[in-house]
Amino acid sequence: MSGQNQRLVVVPTVTMLGVMKARLVGATRGHALLKKKSDALTVQFRQILKKIVSTKESMGDIMKDSSFALTEVKYVAGDNVKHVVLENVKNASLKVRSRTENVAGVKLPKFEYFTDGEIKNDLTGLARGGQQVQACRAAYVKAIEVLVELASLQTSFLTLDDAIKTTNRRVNALENVVKPRIENTISYIKGELDELEREDFFRLKKIQGYKRREIEKQRIAAKQFAEERVAEELSLMKGISLNSAHNMLSAAKDEDIIF
């Protein structure tokens with residue numbers, strides 16, 4: 001599911017904006033590292049694939065030579081050569097061991113053959129076919145070496161294939177889901193913060209207008225109160241009514257305005 005039109009459910013705050021930006025930086029770095037890892041694994045994968053192709057091409061001739069050598073032994077020494085060989089062999093001289101090789105964080109299993117002890121030519125003194133038996137043994141040793149190498153390559157091939165698929169899935173998830181979601185979330189938070197800033201500005205303007213109106217009301221009320229006091233004092237001094245005092249004050253104001 002694509003994350004182009006999706007975002008995370010978060011509270012649009014400045015702190016969360018910083019957190020989302022940090023997560024975006026981390027996702028970008030992780031995407032770059034996984035992309036490099038995928039490229040390195042792909043290069044190793046192609047090299048192993050070339051080795052597998054060349055090994056399989058040579059394996060046909062090697063297996064053919066070993067089978068032909070066995071046929072020669074049976075022709076020269078007879079069918080009872082199997083029992084003679086089993087009687088002379090006590091322990092396996094060619095053995096296989098495993099190790100791991102680290103390629104871009106992926107552990108690849110490697111198989112390698114080794115010789116345990118000294119190889120003795122115990123079968124050289126057979127009455128018939130001693131040389132053919134040794135030639136057959138050498139041919140099958142070579143076949144075993146090729147099979148061990150092919151097994152190592154095939155195992156590494158399958159391990160790399162799984163690792164590349166997993167890495168590519170993570171790269172695609174970061175590129176198409178995680179990063180777009182974080183970017184959409186950042187855009188959402190920025191839009192909400194801008195909207196909150198506009199609301200705060202409008203609220204401040206309304207509050208300032210309300211304060212100016214209140215100040216104007218208070219000024220008018222104070223002026224009216226002062227006029228009332230002056231009118232009361234004038235009425236007391238002149239011995240006239242309060243309305244007459246107001247009229248005299250209004251007339252005096254008009255004269256001041258005219259002159």
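Using a cut-off of 4.0 Å between Lys/Arg side-chain N and Asp/Glu carboxylate O, Lys107 and Glu101 are scored as not salt-bridged. Ionic pairing of Asp39 and Lys36 is not present here: no N-O contact between side-chain nitrogen and carboxylate oxygen is shorter than 4.0 angstrom. Ion pairing of Glu216 with Arg213 is absent here, as no side-chain N (NZ or NE/NH1/NH2) approaches a carboxylate O to less than 4.0 Å. Under 4.0 Å is where a charged nitrogen must lie from a carboxylate oxygen, and between Arg198 and Asp194 no such pair does.
Across all their heavy atoms, Thr13 and Ile189 have their closest contact at O-CG2, 3.7 Å. Heavy-atom minimum distance, Lys35 versus Val171: N-CG2, 3.9 Å. Contact detail for Ala27 and Lys179: the closest heavy-atom pair is CB-CG, 4.0 Å. Here the closest heavy-atom approach between residue Pro109 and residue Thr159 is recorded as CD-OG1, 3.8 Å. Heavy-atom minimum distance, Met59 versus Leu150: SD-CD2, 3.6 Å. Across all non-hydrogen atoms, the minimal contact from Thr185 to Arg181 is OG1-O, 2.7 Å.
Hydrophobic clustering, with ILVMFWY side chains joined whenever heavy atoms are under 4.5 angstrom apart, groups Leu41 together with Ile52. Note on Leu17 and Val19: same hydrophobic cluster, where clusters join Ile, Leu, Val, Met, Phe, Trp and Tyr whose side-chain heavy atoms are under 4.5 Å apart, directly or indirectly. Transitive grouping of hydrophobic side chains (ILVMFWY, heavy atoms separated by less than 4.5 Å) brings Tyr188 and Val14 into a common cluster. There is no path of hydrophobic side-chain contacts, each under 4.5 Å, that joins Phe111 to Val103. Two different hydrophobic clusters hold Leu147 and Tyr140 under the rule that ILVMFWY side chains link at heavy-atom gaps under 4.5 Å.
Remark: the backbone N or O of Met63 is paired with a side-chain donor or acceptor of Ser66 at under 3.5 angstrom. Between the side chain of Ser152 and the backbone N or O of Glu112, no donor-acceptor pair lies under 3.5 Å. Distance alone, capped at 3.5 Å, is enough to place a donor-acceptor pair between the Asn172 side chain and the Asn168 backbone. Ser38 contributes no side-chain N or O that, together with a main-chain N or O of Leu34, makes up a donor-acceptor pair within less than 3.5 Å.
One finds the NZ atom of Lys51 at 6.5 Å from the CD atom of Gln47 (value rounded to the nearest 0.5 Å). In this structure, the separation between CD on Glu175 and OG1 on Thr28 is 11.0 Å, given to the nearest 0.5 Å. The CG atom of Leu160 sits 11.0 Å away from the OG1 atom of Thr155 when rounded to the nearest 0.5 Å. Once rounded to the nearest 0.5 Å, the distance linking CG of Leu49 with OG1 of Thr42 reads 12.0 Å. Here the OG atom belonging to Ser58 is positioned 7.5 Å from the CD atom belonging to Glu149, to the nearest 0.5 angstrom. To the nearest 0.5 angstrom, Lys50 atom NZ is 14.0 Å from Leu153 atom CG.
Arg203 has its side chain out of reach of Gln208: every pair of non-hydrogen atoms, C-beta onward, lies at least 4.5 Å apart. Side-chain contact between Leu24 and Met20 is absent, with no heavy atoms from C-beta onward closer than 4.5 Å. Side-chain atoms of Thr100 and Leu108, non-hydrogen and from C-beta on, never get closer than 4.5 Å to each other. Contact annotation: the side chain of Ser156 approaches that of Lys110 to within less than 4.5 Å [non-hydrogen atoms, C-beta and beyond]. Residues Val11 and Met16 form no side-chain contact, since every pair of their non-hydrogen atoms from C-beta on lies 4.5 Å or further apart.
The local environment of CZ in Arg46 is sparse, with at most 12 non-hydrogen atoms from other residues, nucleotides or ligands closer than 6.0 Å. Around the CD atom of Glu197, the shell of radius 6.0 Å holds no more than 12 heavy atoms that belong to other residues, nucleotides or ligands.
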For Val148 and Glu145, run side-chain contact (heavy atoms from CB on, under 4.5 Å): C-alpha distance rounded to whole Å, both residues' side-chain angles, the deciding distance at 0.1 Å, then the answer. CA-CA 5 Å; Val148 170; Glu145 293 174 356; 5.9 Å; no

Derivation and outcome, side-chain contact (heavy atoms from CB on, under 4.5 Å), residues Glu214 and Lys217: CA-CA 5 Å; Glu214 289 295 323; Lys217 289 180 180 179; 4.2 Å; yes

Give the C-alpha distance, both sets of side-chain angles, the deciding distance and a yes or no for side-chain contact (heavy atoms from CB on, under 4.5 Å) between Lys37 and Val106. CA-CA 10 Å; Lys37 178 181 178 180; Val106 179; 4.0 Å; yes

